[in-house]
2 protein chains.
Amino acid sequence: MVAHSLRARVRAGMIDEIKTVARRHLATDGANLSLRAVARDMGMVSSAIYRYFPSRDDLLTALILEAYDALGDAVEAADAAVERRDLRGRWHAVCRAARAWALAHPAEYALIYGSPVPGYAAPDDTVAPAQRPPVVLVGILHDGLTTGRLTPPPDELPDPLREDLAEVAAGLYPGMSEALLARGMAGWTQLFGLISFELFGRITRTLPHRDEYFDHQTGLMANLIGLPGPS
Amino acid sequence: MVAHSLRARVRAGMIDEIKTVARRHLATDGANLSLRAVARDMGMVSSAIYRYFPSRDDLLTALILEAYDALGDAVEAADAAVERRDLRGRWHAVCRAARAWALAHPAEYALIYGSPVPGYAAPDDTVAPAQRPPVVLVGILHDGLTTGRLTPPPDELPDPLREDLAEVAAGLYPGMSEALLARGMAGWTQLFGLISFELFGRITRTLPHRDEYFDHQTGLMANLIGLPGPS
DNA sequence: TCAAAATAGAGAGCACTGCTCTTGACGAAG
DNA sequence: CTTCGTCAAGAGCAGTGCTCTCTATTTTGA
């Protein structure tokens, strides 16, 4: 163990440093990350990087995983900081946390939620961390159901869709109302769209008061879902 | 004029062929479009392409403009094909048309709605065509207002947001209810999110019945907006 | 303790990219 | 018929991901 550790530790340090430098490059130069540039910044020769990451895609995957985890952490922390019974407060807190993280890390957000890199296929490791934000959102609704603060909406669902949703629910929140789950996913979809529009510059010219716009839009979805509270 | 035309015509033909070949490459190889590969496909040498497009970004811009126009055409045609008074039918038709176009042209959709290319800044020419889909959607709501089929929602809006929305409305549909405009933009945002999630493979594993899911989700937004009709 | 094995970085090199510059050929206009 | 603008071609530059070989160093096992 400790015998390993001298080399293993410096290796772990190198991996960390590469990722840090790569993240910095990502922030300035966008998604077209250059291994050679990273190596240059570290005073290494480009081929040495390949001792730590077998390919550029592997480095990207590592960054993607970290981004998912960072966003998931932020979102879950925001949810946990609000009184459990305040469903609407939790909803807004989660939405705002996701937006704040995205605005603070635009390049990493683009990495995980932008158009997929052509040749790149996200490995299965990314599936679970990618689902953390929607799971938190739906968890709020689930809490609302179990505490009686929320009632299942009477939406009519075609059978195939109901079965699909039931299967999704079974893996996360067994017994969850399919119609409410669908409404929650609508909220999650809209949240992603909101953040993407803002980040990719499709809103800024026309709507300067972006905070107010964001809160109003997420509030609309809270209304659609039936979260109790103001408005 | 006609004297010009021999050369001018073959030149226009070349430009068209380059764009066509580039679009094909886009579809197969994704967003990292290679000028050299396009030239190779046309039996040209790479430098010859620069007679027609001064840089790779200019070629991309041309493709982006065409993509915006194609989507705009599809969406407006879908709206026009439905009885004007059938607001909900028009809403669904527009949403389905946008999705169908995106599924048929995933690479071009990614080009215009994916994460922005790092060094690339969309020129102002793209602003107007990019707004055609949301303008069509909001137009449905505007028609609903003027024909009395839709009533302005009583949402409370903070003053700064109301002013921003009023300014947007003034440019498109003067006198439009700001609250209804906001709800319409929620629908547009969610539509974009729906298509992106489906296209970028964030939904397929869990929800095999995607048509039903899509219709249900867009129906939820139609409900939120208050469009009259089934459910 | 000392040799064998694993690991590290350096450098050269391949095939590719966007882009620039120069050269020579061709068609259009005076 | 000559001049001028346009075009394709080729060489070349700087950059990319990635592979291979060589050498130095550290770790490991007998």
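Per chain, numbering begins at 1; letters A, B, ... match sequence-line order. Because only heavy atoms are used, hydrogens play no part in the values below, and waters and symmetry mates are left out as well, while side chains stay in.
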Review point. Can you name the salt bridge (Lys or Arg N to Asp or Glu O under 4.0 Å) partners of B:D143, sequence neighbours left out?
Key: B:R90
Point to revise | Full working for salt bridge (charged side-chain N to carboxylate O under 4.0 Å, His left out) between A:R96 and A:D215 | key: CA-CA 8 Å; A:R96 289 195 189 117; A:D215 280 348; 2.9 Å; yes
Practice item. For A:I15 and C:dG9, give me the distance from atom CD1 to atom P, rounded to whole Å. Key: 11 Å
Review point. D:dC18 P sits how many Å from A:F53 CZ, rounded?
Key: 13 Å
Check your understanding: Tell me: CZ of B:R9 to C1' of D:dC7, nearest whole Å?
Key -> 18 Å
**Study point:** Nearest-Å distance for atom pair CG/C1', residues A:L35 and C:dT17
**Key:** 16 Å
Check your understanding: Which of residues 39-52 of chain B sit near DNA chain C, with a heavy atom under 4.0 Å from it?
Key -> B:R40, B:S46, B:S47, B:Y50
Review point. Are A:R210 and B:D164 ion-paired here, with the side-chain N under 4.0 Å from a carboxylate O?
Key: no
Exercise for review: Evaluate side-chain contact (heavy atoms from CB on, under 4.5 Å) for B:L191 paired with B:R99, printing each intermediate quantity in order.
Suggested key: CA-CA 8 Å; B:L191 172 61; B:R99 173 175 179 247; 5.5 Å; no
Check your understanding: If only side-chain N and O atoms of A:R36 are considered, is one of them under 4.0 Å from the OP1 or OP2 phosphate oxygen of D:dG15?
Key -> no
**Study point:** Pair A:D58, A:S55: side-chain N/O donor-acceptor within cut-off below 3.5 Å
**Key:** yes
Practice item. For B:S115 and A:Y109, test the side chains for any donor-to-acceptor distance below 3.5 angstrom and give the result as yes or no. Key: no
Exercise for review: May I ask you to say what B:L59 touches in the nucleic acid, namely base, sugar-phosphate or nothing, with a heavy-atom cut-off under 4.0 Å?
Suggested key: nothing
**Study point:** Among D:dG17, C:dA8, D:dT16, the one nearest A:A37 by side-chain distance
**Key:** D:dT16
Point to revise | Whole-Å distance separating the CG atom of A:D57 from the P atom of D:dG17 | key: 11 Å
Check your understanding: Can you tell me if the side-chain N/O atoms of A:R11 get under 4.0 Å from OP1 or OP2 in C:dT7?
Key -> no
**Study point:** Rounded distance in Å - CZ (B:R56) to P (D:dG15)
**Key:** 18 Å
